[in-house]
Amino acid sequence: MILVYIEVREGKVKKSSLEALSEGARRAKDFKTEVNAVLVGDKMDNLASEVFPYGAEKIYLLENALFGHYSAESYAQALMTLIEEIKPDVVFFSASAMGKDLSPRVAAKLGVGLASDCTSTAARDGKLEITRPVFAGKILVALTFKSKPQIATLRPNVLPLAEPAAAKGEVIKKEVVIAEDQIKGKAVEVIRGEGAELDVTEAEIVVSGGRGMKGPENYDLLRELTAILPQSAVGASRSAVDAGWIDHQHQVGQTGKTVSPNLYIAFGISGAIQHLAGMSSSKCIVAVNKDPEAPIFKVADYGLVGDLFQVIPHLKEELKKILKD
Amino acid sequence: MNICVFVKRVPDTESKIRINQESNTIIEEGLNFVLSPYDEYAVEEALKLREAKGGQVTVVSVGPEEAMVVLKKCLAMGADEAVLVKDDQGETYDSLRISKIIAQAVKKKFADFDLLLFGKQSVGADNAQVPAMVAEFMGLPQVNVVTKLEIEGNTGTAWREIEGALEKFKFSLPAVLSAQKGLNEPRYETLKGIMAAKKKEIPVWTLNELDLGEEELNPQLEIVKMESPPPREAGKIIEGEPAEAAQKLVELLRNEAKVI
Ligand SMILES: Cc1cc2nc3c(=O)[nH]c(=O)nc-3n(C[C@H](O)[C@H](O)[C@H](O)COP(=O)(O)OP(=O)(O)OC[C@H]3O[C@@H](n4cnc5c(N)ncnc54)[C@H](O)[C@@H]3O)c2cc1C
Ligand SMILES: Nc1ncnc2c1ncn2[C@@H]1O[C@H](COP(=O)(O)O)[C@@H](O)[C@H]1O
């Protein structure tokens with residue numbers, strides 16, 4: 001059996017965990033087994049209906065009033081109890097902020113290996129084989145597990161979401177007993193910047209600016225583009241972040257975030273290896289740069305050699321034309 | 001306030017990585033190794049806390065003899081003590097093993113600590129697993145990917161980065177924290193620090209000494225294959241004046257790439 005952890009944030013199911021469930025359903029088919037989902041939280045009554053369409057046969061709801069505050073200690077405890085009971089062969093998490101925080105704690109509790117940030121999974125001779133980029137994407141490593149359950153976190157936005165089906169299965173509620181004094185650290189608040197900005201890791205389109213943007217005020221040009229493009233967010237190179245033009249949250253690359261949007265547009269970014277590490281798994285890459293020799297053009301699907309300040313206004317007009325209807 | 005910081009020696013991010021196909025390892029020859037960038041933020045934070053609250057900063061690395069270089073760097077930055085836990089196992093892309101070693105080293109040799117500091121991930125392997133695993137083995141609270149930290153007596157507040165927001169954590173000490181860029185600006189080594197670090201003795205512990213048998217340290221993942229990813233195909237260069245080029249680009253994105 002494959003078990004997929006479905007992350008709930010502020011009462012909502014995270015899309016990246018539905019991707020993990022979709023992948024779980026594909027592997028379950030290969031292994032001729034079933035895929036189940038598990039949610040941890042305090043109030044989750046309406047959430048199962050959002051999860052079933054992506055292939056889950058059973059959904060476990062692990063409930064406790066304390067789960068309203070995320071804590072890896074209590075969440076891992078709850079997951080371990082379920083895993084020991086139902087004994088899945090494979091457990092998937094999304095490699096989201098929560099998935100990365102929680103999964104190693106679960107793996108350590110069970111004393112098993114964990115493969116992080118996988119970009120593909122496969123069934124080979126009855127075992128799970130995963131592939132993940134390492135060394136800034138310069139190497140792909142394929143791994144199998146010597147321990148069970150085989151636990152992996154899956155990189156958001158890479159693996160396709162299943163076509164939702166009108167399916168419904170069994171919901172199994174479990175009360176989890178946790179002593180409050182067992183929890184020594186917990187989240188007390190989620191603080192969002194102004195405007196509920198979409199994170200670069202979750203955006204379907206990332207519009208990024210580098211040193212070629214010349215100054216902080218010009219990031220408004222990129223914000224104007226994201227205002228037109230649906231599901232988009234502003235990204236940046238480290239040079240721009242280090243110059244203080246934009247917050248570190250937006251940095252893409254080896255010491256920033258790893259993004260895999262459908263479309264990545266790089267304005268005035270040279271394409272240093274550390275930047276490529278964070279965006280080369282994007283499905284379509286566009287580069288706008290005035291230097292025809294810039295390394296970014298080597299990875300770009302579409303390259304536009306020119307001055308970004310001249311290109312952006314026209315791009316805005318063209319996008320407005322087609323995205324209006 | 002006694003703090004242990006865990007640091008790893010990794011290939012410099014610019015390195016061209018070559019693979020030994022027979023052993024499924026990377027070829028170390030010709031690589032330039034550095035202190036993993038996030039670990040530098042962890043060391044800096046420890047030094048700042050010591051400056052504010054007193055106590056000791058000990059840096060520990062698990063790795064081969066060559067990891068001495070990164071320990072020396074930490075001493076030169078201002079750490080009080082450094083220890084090498086000698087381990088010649090190559091990268092396994094699974095942090096369970098290293099976490100067991102670290103937890104055991106802390107239990108055996110550093111009973112008296114308030115904080116265990118880490119980088120949020122070791123650059124290269126990018127596992128992002130050790131801090132949470134060590135926290136679990138030690139029964140400690142954890143906050144990962146921290147960009148701001150406040151310690152007040154026996155409790156702390158840390159802000160960690162999540163998607164599009166910060167998550168504020170309250171925790172009790174002792175605790176495990178892992179550093180994200182933005183937490184601080186790592187200091188440079190001073191000449192005085194470098195000279196002092198040269199003279200400082202760095203004890204070396206063996207896995208035997210930590211009562212860790214080989215069996216329990218077997219890697220839990222098996223490397224099947226390592227390869228360079230297929231290169232991206234050369235793309236199209238769009239020619240023309242800005243107005244015309246922008247129009248072409250949008251046309252291609254809509255009708256050819258189908259991404260907008
Ligand atoms: C340990 C380490 C970690 C790092 N991590 C990261 C990371 O996470 N992310 C990251 O991005 N970098 C990272 N770097 C830095 C990286 O090496 C590069 O320095 C950085 O990516 C360069 O940013 P840039 O492309 O914006 O600037 P530059 O390299 O200066 O490039 C600017 C580009 O803009 C173009 N340009 C200028 N004006 C215009 C114009 N008017 N119109 C069009 N084009 C124009 C120029 O031709 C040039 O190609 C890291 C470095 C190290 C050592
Ligand atoms: N061999 C090691 N020795 C000491 N600390 C380590 C070692 N490997 C990892 N760490 C610490 O754990 C963090 C996360 O590592 P990883 O789980 O490998 O991504 C690193 O930033 C270090 O602080």
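Letters go in sequence order (proteins before strands), and every chain restarts at 1. The model shown is predicted, which means the values in this text are computed figures rather than measured ones. Computed over heavy atoms, backbone and side chain alike; hydrogens, waters and symmetry mates excluded.
Note on A:Asp242 versus B:Lys181: salt bridge recorded, some NZ/NE/NH1/NH2 to OD/OE distance being below 4.0 Å.
Contact annotation for A:Glu202: only side-chain heavy atoms (C-beta onward) come within less than 4.5 Å of a heavy atom of chain B. Both the backbone and the side chain of A:Ile139 come within less than 4.5 Å of a heavy atom in chain B. For B:Leu252, the parts sitting under 4.5 Å from any heavy atom of chain A are the backbone and the side chain alike. For A:Val112, the part lying under 4.5 angstrom from a heavy atom of chain B is the backbone only. Both the backbone and the side chain of B:Ser172 come within contact range of chain A, with heavy atoms under 4.5 Å apart. Residue A:Ile183: no heavy atom, backbone or side chain, is found under 4.5 Å from chain B. If you measure heavy-atom distances from A:Lys316 to chain B, you find no contacts under 4.5 Å at all. Within the 4.5 angstrom heavy-atom criterion, atoms from both the backbone and the side chain of A:Asp101 approach chain B. Looking at A:Val200, neither its backbone nor its side chain comes within 4.5 Å of chain B, counting heavy atoms on both sides. Using a 4.5 Å cut-off between heavy atoms, B:Pro11 contacts chain A through its side chain alone, with no backbone atom that close. Both the backbone and the side chain of A:Gln310 have a heavy atom closer than 4.5 Å to some heavy atom of chain B. A:Ile205 touches chain B through its side chain: at least one heavy atom from C-beta onward sits under 4.5 Å away, while N, CA, C and O do not. Of the atoms belonging to A:Gln251, it is side-chain heavy atoms, and not backbone ones, that fall under 4.5 Å from chain B. For A:Val288, no part lies near chain B; criterion is any non-hydrogen pair under 4.5 Å. With a 4.5 Å cut-off on non-hydrogen atoms, A:Ala300 touches chain B through its backbone but not through its side chain. Heavy atoms closer than 4.5 Å to chain A are found nowhere in B:Glu91, neither backbone nor side chain. Contacts between A:Glu204 and chain B at a heavy-atom distance below 4.5 Å are absent for every atom of the residue.
Ranking B:Lys258, B:Glu256, B:Glu241 against chain A, the residue ahead of the rest is B:Glu256, based on heavy-atom pairs under 4.5 Å. The candidate with the highest count of non-hydrogen atom pairs below 4.5 Å against chain A, out of B:Val259, B:Asp94, B:Thr13, is B:Thr13. Taking B:Ala243, B:Ala132, B:Ala257, B:Gly240 one by one and counting their heavy-atom pairs under 4.5 Å with chain A, the maximum is reached by B:Ala243. Considering only heavy-atom pairs separated by less than 4.5 Å from chain A, the leading option among B:Ala165, B:Gly156, B:Ala103 is B:Ala165. Among A:Val311, A:Val305, A:Leu304, the residue with the largest count of heavy-atom pairs under 4.5 Å with chain B is A:Leu304. Of the listed residues A:Thr258, A:Thr255, A:Ile273, the one with more heavy-atom pairs under 4.5 angstrom with chain B than any other is A:Thr255. If you tally non-hydrogen atom pairs under 4.5 Å between each of B:Arg97, B:Lys225, B:Glu239 and chain A, the highest count goes to B:Lys225. Interface summary for chain B: among A:Asn262, A:Leu140, A:Leu229, the most heavy-atom pairs under 4.5 angstrom belong to A:Leu140. Listed options B:Gly182, B:Pro37, B:Ala128, B:Ala135 were ranked by heavy-atom pairs under 4.5 angstrom with chain A; first place goes to B:Ala135. For the options A:Val241, A:Leu114, A:Leu102, A:Val286, heavy-atom pairs under 4.5 Å to chain B are most numerous at A:Leu114. Between chain B and the residues A:Lys257, A:Lys109, A:Glu317, the largest count of heavy-atom pairs under 4.5 Å involves A:Lys109. Looking only at heavy-atom pairs under 4.5 Å with chain B, the residue among A:Lys186, A:Gln182, A:Lys283, A:Gln274 that has the most is A:Lys186.
Here the closest heavy-atom approach between residue B:Arg232 and residue A:Asp301 is recorded as NH2-OD2, 3.0 Å. What you find for B:Leu253 and A:Cys284 is that their closest heavy atoms are CD2-SG, 4.0 Å. Of all heavy-atom pairs between A:Ile191 and B:Trp159, the closest is CD1-NE1, 3.5 Å. Shortest non-hydrogen contact noted between B:Pro229 and A:Gly137 is CG-O, 3.2 Å. Between B:Asn127 and A:Ser116 the shortest heavy-atom distance is O-OG, 2.7 Å. Scanning all heavy atoms of the two residues, the minimum distance from A:Arg192 to B:Gly164 falls at NH1-O, 3.6 Å.
No side-chain heavy atom of B:Pro242 sits under 4.5 Å from any side-chain heavy atom of A:Asp307. Residues A:Gln249 and B:Glu161 form a side-chain contact, since some pair of their non-hydrogen atoms from C-beta on lies under 4.5 Å apart. With contacts defined as side-chain heavy-atom distances shorter than 4.5 Å, the pair A:Leu319/B:Arg254 does not qualify. You'll find the side chain of A:Thr144 stays beyond 4.5 Å of the side chain of B:Leu221, heavy atoms only.
B:Arg160 contributes a side-chain N or O that, together with a main-chain N or O of A:Ala97, makes up a donor-acceptor pair within less than 3.5 Å.
With B:Val250 as the fixed residue, the side chain to side chain contact (heavy atoms under 4.5 Å, CB included) test singles out one of A:Lys321, A:Glu318, A:Lys320: A:Glu318.
The contact list for residues 117-125 of chain B toward chain A, using heavy atoms and a distance under 4.5 Å, reads B:Lys120, B:Val123, B:Gly124, B:Ala125 by residue number. Using a 4.5 Å cut-off between non-hydrogen atoms, the part of residues 15-27 of chain B that approaches chain A consists of B:Ser15, B:Ile17, B:Ile19, B:Ile26. Residues of residues 136-151 of chain B lying under 4.5 angstrom from chain A, judged on non-hydrogen atoms, are B:Glu136, B:Phe137, B:Gly139, B:Leu140, B:Pro141, B:Gln142, B:Asn144 in numerical order. Identified by a heavy-atom distance below 4.5 Å to chain B, the contributing residues of residues 70-77 of chain A are A:Tyr70, A:Ala72, A:Glu73, in residue-number order.
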Please determine whether side-chain contact (heavy atoms from CB on, under 4.5 Å) holds for the pair B:Asn218 and A:Lys146, giving the CA-CA distance in whole Å, both sets of side-chain angles, and the decisive distance to 0.1 Å.
CA-CA 10 Å; B:Asn218 279 337; A:Lys146 294 185 189 166; 5.6 Å; no
Carefully, step by step, assess B:Glu167 and A:Arg9 under the rule side-chain contact (heavy atoms from CB on, under 4.5 Å).
CA-CA 11 Å; B:Glu167 192 169 36; A:Arg9 278 267 182 204; 2.7 Å; yes
Before giving the answer on side-chain contact (heavy atoms from CB on, under 4.5 Å), spell out for B:Phe171 and A:Lys184 the whole-Å C-alpha distance, their side-chain angles and the decisive distance to 0.1 Å.
CA-CA 6 Å; B:Phe171 58 92; A:Lys184 293 178 231 141; over 6 Å; no
Report the C-alpha separation of A:Met98 and B:Ile162 in whole Å, then their side-chain angles, then the decisive distance to 0.1 Å, and conclude whether the side-chain contact (heavy atoms from CB on, under 4.5 Å) test is met.
CA-CA 8 Å; A:Met98 189 192 282; B:Ile162 62 169; over 6 Å; no
If you apply the rule side chain to side chain donor-acceptor pair (under 3.5 Å), what do you find for B:Glu163 with A:Thr201, and how did you get there?
CA-CA 7 Å; B:Glu163 292 83 6; A:Thr201 59; 4.8 Å; no
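The distance from the OH atom of A:Tyr302 to the CD1 atom of B:Ile238 is 7.5 Å, given to the nearest 0.5 Å.
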